[in-house]
Amino acid sequence: MSTVFIALQTNEDTRPIIEAIEIDNPLAVVHREPAMVKIDAPDRLVVRRSTIEELIGRDFDLQEMHINLITLSGNVAEDDDTLTLSWNN
Amino acid sequence: MDMKVSKKKLGLKERYRLMTRDLGWDTTYQPKDKVLPYVGYEGIKIHDWDKWEDPFRLTMDSYWKYQAEKERKFYAIIDAHAQNNGHLNLTDARYLSALKIFLQAISPGEYAAHKGFARVGREFPGVGTQVACQMQAIDEIRHAQTQIHAMSNYNRYYNGFHAFADQRDRIWYTSVARSFFDDAMSAGPFEFMIAIGFSFEYVLTNLLFVPFMSGAAYNGDMATVTFGFSAQSDEARHMTLGLECIKFMLEQDPANVPIVQGWIDKWFWRGFRVLGLVSTMMDYMLPKRVMSWREAWNIYGVENGGALFKDLARYGITPPKGWDDAEKGIDHMSHQFMLGLYQWSFGTAFHSWIPSDEDMAWLSAKYPDTFDKHYRPRWNHIRKLAAAGTPFKNYGLAKLCQTCQLPTVFTEPDDPTLTCHRETTYKGEKYHFCSDGCQHIFDNEPEKYIQAWLPMPQLFQDPIKGDLGEWMKWVSLIDGKDNGDYAGSEDQQHFEAWRGLATTNQ
Amino acid sequence: MPVAATREYVGVPRDVAANFHGKQLVYVSWDRHLLFAAPFLLCVPPEMKFRELLDGPLAMLSQPDPDAAAIDWTQVEWLKSNQPWTPDFGRSLADNGIGHKDQLRFRTQGANTLLTAA
């Protein structure tokens, strides 16, 4: 098992994104640090557009995350509906 | 007449194809290898450039939109910081030493990275790679500018911020970061990508930015949190570019694997040495500490680096050669650096200090196997010397490593009581190193590293000829203001006086 | 290994003896006395007697170490380029074979206060 992670700035834009990640990744562990939220997950983490849209009640473009992204780890795969981080081991 | 245009939104993949791939073109009146002459000489074989893909599929139109948004957020906070005397919200002005080192050594590195990516964006043939490198080149110059702008707010009130450009060129400790980027920029485009895109951005950058920004947040420095996160929001893209690039090189031809492995070995060690100073910042310079260097290394080095190299094992890539020696140094390096910075503080454009009892209790708890045994006795003695009115200054200056240019402060990997001495003779000249890692790098390309401009030997050559006062003028260091112990400094006096004014009615 | 380059690549060293106006660099360190963060860099004339090096710059620089006053230079073990070596105190650095950028190390047998303090 290897850990993938994503870290986002702590602000109003990221609150629903973090909430969506928690919904979609039951194994994820959320660390709230000063000004930053870091989410670890074993091997794989998925960010799902539809979950975020349900929470915010409007259309969401996953690329909006770039504004508040701090760092990530793992191989990145992105399409219109999901952003996935994973290790192949 | 009006034409109704269908507003059907393009999908991510289609937009990337149209806005990136379709920007490519073939040469007509010159052969391609004349237009792109630097892509072959390093020995990397690429058969199909179209196989390279940006996993974020960020197109230039979206790039500008998001970057503009980041700038708006950044300046809103910088303005508020300046308007509200944000500098008085710091935990303590000791914190500023970390910022001064950042401004003198790291921000110029951002500018160097800008030049490097602008160049490789021109030298690579693949259009996906070209666009990603151009974006990164623009990011890096934005980082240099926003950092300098944010930190200029402190220049109005505190010493040591006024001459970072001279100090970038001339003072001794900045040559560590400068030579790192010069080394990368004078390599070919593929090596540059492994050096900066992969080793620095992917393997090591988290150790710089994440603790640094959290440290800024802990210590009340809103300006730095802002430039840090604004810059860091680009780093995820840079890291991904670095990782995609290395996978692309490894997948294109098996003959690339040993070349790439050699670069990983080299650039991991180069980066580890440059970022070593971060250890001192985390363990000593933040008045309110976030986590120890050891704890940060466990998260971002051992755990994350371990996952990465396990992932790359399928290509035949092994962890960098210096990995084990790095691990052996983790519990020692911050103490070894800080002892050096303190005893040479007459020559630094930032302050250092003797750790307090409380600081030492924290260090002892975080480094149970090393601090009390090796480093506390030295600090206690240094404290005694200061109390006796003979503060410790080491005018012997220091032997520097020919490769990383740091003073050779490190001990043998398996014997923390003995300084690591390594030397070699090349074409009749002697050269010294701080470690096996740095000596290996030299031995692989001696013609490159014999050209190193080592600031301490340089002090005894023209134009300074060993005159310390002349040297201070030459590096724009104001003796008694910018340098020396924090205790009794103008920075300390001013901060305490102004904070008093801000929090009382006196 | 040669540097990968598009044409012949030749470097020019920056710290050759000729740049030091008749002086030379010598690095000196006291083994296992780590109050001093790195080996000292000294810039001295090659005609300097070895004893002058000890009594002058080296004695002054070593002074902050609590064991410095107890050094008996006649009992000190020396290494040059990491090999055992015996200096002649009355002769010059040049006559002792100490070249530009040579590293000298010395070891003392007596107490090491800061090493055993813990």
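Labels below follow one simple rule: chain letters A, B, ... track the order of the sequence lines, proteins then strands, and each chain is numbered from 1.
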Okay, C:Leu61 and chain B: the region with an atom under 4.5 Å from a heavy atom over there is side chain
So, the part of B:Arg376 with a heavy atom under 4.5 Å from chain C: the answer is neither
When the 4.5 angstrom heavy-atom criterion is applied to B:Phe460 and chain C, the contacting part is both
So, the part of C:Val3 with a heavy atom under 4.5 Å from chain B: the answer is both
Applying a strict 4.5 Å limit to non-hydrogen atoms, the region of B:Phe337 in contact with chain C is neither
Applying a strict 4.5 Å limit to non-hydrogen atoms, the region of B:Tyr426 in contact with chain C is neither
Smallest heavy-atom separation, C:Pro39 atom then B:Thr408 atom, equals CD-OG1, 3.2 Å
Checked B:Leu459, B:Asn444, B:Asp443 vs chain C; the most non-hydrogen pairs under 4.5 Å come from B:Asn444
_Counting neighbours of CZ on B:Phe346 that are heavy atoms of other residues, nucleotides or ligands and sit closer than 6.0 Å, is the number greater than 12?_
yes
Checklist entry - Hey, mind stepping through B:His421 and C:Ser29 against side-chain hydrogen bond (donor to acceptor under 3.5 Å, both in side chains) and telling me if it holds? => result CA-CA 10 Å; B:His421 289 93; C:Ser29 54; 3.0 Å; yes
With chain C, the option among B:Lys465, B:Glu42, B:Lys427 that has the most non-hydrogen atom pairs under 4.5 Å is B:Lys465
If one checks every heavy atom of C:Leu25 against chain B at 4.5 Å, the contacting part turns out to be side chain
Cationic N near anionic O, under 4.0 Å, C:Asp15 to B:Lys430: no
Whatever's closer than 4.5 Å to a heavy atom in chain C on B:Ala187 counts as neither
Tested for side chain to side chain donor-acceptor pair (under 3.5 Å) against C:Lys101, the lone hit among B:Gln402, B:His432, B:Glu423, B:Glu429 is B:Glu429
In this structure, CD of C:Gln103 is separated from NZ of B:Lys399 (nearest 0.5 Å) by 3.5 Å
So, the part of C:His33 with a heavy atom under 4.5 Å from chain B: the answer is neither
The reported gap from CG in B:Leu339 to CG in C:Leu34 (rounded to nearest 0.5 angstrom) is 9.0 Å
Between C:Ala37 and B:Gly340 the two heavy atoms that sit nearest each other are CB-CA, 3.6 Å
Of B:Asp462, B:Thr419, B:Leu400, the largest count of non-hydrogen pairs under 4.5 angstrom with chain C goes to B:Asp462
Bottom line for B:Gln343: the part with an atom under 4.5 Å from chain C's heavy atoms is side chain
Residue from C:Pro13, C:Pro2, C:Ala17 scoring the most non-hydrogen pairs under 4.5 Å with chain B is C:Pro13
So, the part of C:Pro57 with a heavy atom under 4.5 Å from chain B: the answer is neither
Expected contact set for residues 379-388 of chain B against chain C at heavy-atom separation under 4.5 Å reads B:His381, B:Ile382, B:Leu385
On a heavy-atom basis, the closest approach of B:Tyr41 and C:Ala4 is CE1-O, 3.4 Å
Within the structure provided, determine whether B:Gln461 and C:His21 are in side-chain contact (heavy-atom separation under 4.5 Å). no
Answer key: most heavy-atom pairs under 4.5 Å with chain C among B:Trp344, B:Tyr342, B:Phe410, B:Tyr375 is B:Trp344
If one checks every heavy atom of C:Val28 against chain B at 4.5 Å, the contacting part turns out to be neither
Chain C shares the most heavy-atom pairs under 4.5 Å, among B:Thr390, B:Thr411, B:Asp415, B:Leu418, with B:Leu418
### Task
Give the intermediate values and the outcome of side-chain contact (heavy atoms from CB on, under 4.5 Å) for residues B:Glu447 and C:Val10.
CA-CA 6 Å; B:Glu447 284 298 327; C:Val10 182; 4.1 Å; yes
*Just wondering, do C:Tyr9 and B:Lys448 contact through their side chains at under 4.5 Å, heavy atoms?*
yes
ask   = Any side-chain heavy-atom pair from B:Asn394 and C:Phe36 closer than 4.5 angstrom?
value = yes
Minimal heavy-atom distance between C:Phe20 and B:Pro457, with the atoms involved, is CE2-O, 3.4 Å
